[in-house]
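Counting from 1, the numbers follow the sequence of the chain as shown. Just so it is clear, the values below take in all heavy atoms, side chains as well, and ignore hydrogens, waters and symmetry mates.
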Amino acid sequence: MTEKTTGASYAAAGVDIEAGDRAVELMKEWVKKTQRPEVLGGLGGFAGLFDASALKRYERPLLASATDGVGTKVDIARQMGVYDTIGHDLVAMVMDDIVVCGAEPLFMTDYICVGKVHPERVAAIVKGIAEGCVLAGCALVGGETAEHPGLLGPDDFDVAGAGTGVVEYDRLLGADRIRTGDAVIAMASSGLHSNGYSLVRHVLFERAKMSLESHVEELGRTLGEELLEPTKIYSLDCMALTRTAEVHAYSHITGGGLAANLARVIPDHLHATVDRSTWTPGAIFDLVGKAGQVEQLELEKTLNMGVGMMAVVPQESVDVALTALADRGVDAWVAGEILDRGDHTEGATMTGSYAS
């Protein structure tokens, strides 16, 4: 008697289509919360639709786009089993890049790659992305969840996103607007944000042998809670500031650190100085530095050191700008100034020592 064999199937290969459909159903309510009037259709189409006629009010609209992920911070979320905050990080990394040029965030799409679809887990990730979109003022118009068995473990995942914004041509912010004597305003970060986690994980877990459950007195909470603190989303704060005060440029402080990111918006003939004595970095930065014996310059080119966004404004706008940010609950201060390039070979440098 010949033994009957079972043919191959997608499910046998590790892909669960029904679980994917269940995840879509669970995420619909969160995506709906992000909708703007310009969004057409609902979740489930092949493409997200955004009514571009809304751009008719612009004389010369420029579309701004950005894409990013959140790096190895996703592994902290996986280990802690907390999935509804990592989306805030994703939105921040994408939309705060877009707002730097003065653009209004319009819409975003996401990509979630998993080893195995756990519907509730995927829905929690999308919940965080949707909440982040609300904080950024943009719509979540679509996305993709891909199941990659054999390439990723059953609990492994990664996230990425892309966003689009719009700015009027003659209101485009950047290096061309910056002048000698401008002030550099720093906006406090909520912690590490989403950069430098490869260094942080190496130092704290491999060298210092700490665990996510470790309660750290200086932090006032567990290490895991600190490392999973969501990235602050500045989009609406920056847009409000631009409407209130004259702003010449913004710089989103991400990978590469404060000086390197600020230098990206400084024209070749000028130089920015940032005075460390104007703020005290949070305890997590000191912890990473001491635990890994990391040199200060290495920390500064890897981590944000307590500053997540910077604005370059004319001196006469400083008071208005600081008041506007304070009214929105943003901790901000004058951290530096714009000078003639002189003998400086770099676009931005750090001076002084951090306040104790």
Side-chain angles (χ1 to χ4, degrees), residues 64 66 92-103 136 172-196 231-242 244-267 270-282 285 299-326 328-339 344 346-352 354-355:
M93 299 305 291
V94 173
M95 286 305 177
D96 283 347
D97 274 357
I98 284 176
V99 80
V100 160
C101 68
L172 184 67
L173 303 182
D176 291 346
R177 292 179 177 263
I178 296 178
R179 301 289 182 266
T180 302
D182 282 355
V184 177
I185 292 177
M187 302 180 212
S189 70
S190 56
L192 294 170
H193 284 184
S194 298
N195 295 104
T231 304
K232 181 172 176 56
I233 298 173
Y234 300 92
S235 302
L236 293 183
D237 300 318
C238 289
M239 289 174 59
L241 178 58
T242 304
T244 305
E246 182 179 351
V247 177
H248 288 166
Y250 288 113
S251 177
H252 187 197
I253 311 305
T254 57
L258 198 155
N261 280 287
L262 181 57
R264 294 168 66 180
V265 298
I266 305 300
L270 296 178
H271 173 77
T273 62
V274 177
D275 185 356
R276 298 183 184 95
S277 69
T278 59
W279 83 97
T280 304
F285 302 99
L299 278 179
E300 291 179 344
K301 73 178 185 180
T302 307
L303 307 178
N304 66 58
M305 301 308 292
V307 177
M309 182 73 76
M310 305 198 90
V312 180
V313 307
Q315 288 291 340
E316 57 268 24
S317 294
V318 168
D319 290 343
V320 173
L322 291 177
T323 298
L325 290 170
R328 294 186 59 84
V330 179
D331 183 14
W333 63 95
V334 175
E337 61 180 329
I338 305 299
L339 308 171
H344 292 286
E346 299 177 340
T349 56
M350 309 278 283
T351 65
Y354 292 112

Contacts table for residues 306-326: side-chain donor-acceptor under 3.5 angstrom, sequence neighbours left out:
from	atom 1	to	atom 2	distance (Å)
Gln315	NE2	Gly181	O	2.9
Thr323	OG1	Asp319	O	2.9

In terms of side-chain heavy atoms, does Ser194 have a donor or acceptor partner in Thr231 at a distance below 3.5 Å?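 A donor-acceptor contact under 3.5 Å links the two side chains.
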Mutual orientation of the aromatic rings belonging to Trp333 and Trp279 [parallel < 30°, tilted 30-60°, perpendicular > 60°]: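 Tilted: the ring planes of Trp333 and Trp279 meet at 30° to 60°.
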Dump the intermediate steps for side chain to side chain contact (heavy atoms under 4.5 Å, CB included) on His193 and Thr254, then the final yes or no. CA-CA 8 Å; His193 284 184; Thr254 57; over 6 Å; no
Among residues two or more places apart or on two chains, list those pairs meeting side-chain hydrogen bond (donor to acceptor under 3.5 Å, both in side chains) that have a residue in residues 256-267.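 Residue pairs passing side-chain hydrogen bond (donor to acceptor under 3.5 Å, both in side chains), neighbours aside: Asn261-Arg264.
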Closest contact, heavy atoms only, [X] versus [Y]:
X      : Y      : answer
Asp97  : Ala66  : CB-CB, 4.1 Å
Ala249 : Leu173 : CA-CB, 4.3 Å
Val99  : Ser235 : CG2-O, 3.6 Å

For the atom pair [atom1] ([X]) and [atom2] ([Y]), what is the distance rounded to the nearest 0.5 Å?
X      : Y      : atom1 : atom2 : value
Ser190 : Asn304 : OG    : CG    : 8.0 Å
Glu300 : Met305 : CD    : CE    : 5.5 Å
Thr349 : Leu262 : OG1   : CG    : 9.5 Å
Leu299 : Thr302 : CG    : OG1   : 7.0 Å
Leu258 : Lys301 : CG    : NZ    : 15.0 Å
Ile178 : Ile266 : CD1   : CD1   : 4.0 Å

[Y] and [X], any side-chain heavy atoms less than 4.5 Å apart:
X      : Y      : answer
Tyr250 : Asp96  : no
Met95  : Ile233 : no
Lys232 : Met187 : no
Ile338 : Arg179 : no

Under the rule for side-chain contact (heavy atoms from CB on, under 4.5 Å), what residues qualify as partners of Thr180, not counting sequence neighbours?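 Result, side-chain contact (heavy atoms from CB on, under 4.5 Å) vs Thr180: Leu270, Asp340.
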With Ala240, which residues qualify under side-chain contact (heavy atoms from CB on, under 4.5 Å), at least two apart?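 Applying side-chain contact (heavy atoms from CB on, under 4.5 Å) to Ala240 gives Arg243, Arg328.
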Can you name the ring pair (Phe, Tyr, Trp, His ring centres under 6.0 Å) partners of His248, sequence neighbours left out?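 Per chain and number, His248 pairs via ring pair (Phe, Tyr, Trp, His ring centres under 6.0 Å) with no residue.
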Listed partners of Arg177 passing side chain to side chain donor-acceptor pair (under 3.5 Å), at least two apart: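 Once residues adjacent in sequence are excluded, Arg177 has no partner under the side chain to side chain donor-acceptor pair (under 3.5 Å) criterion.
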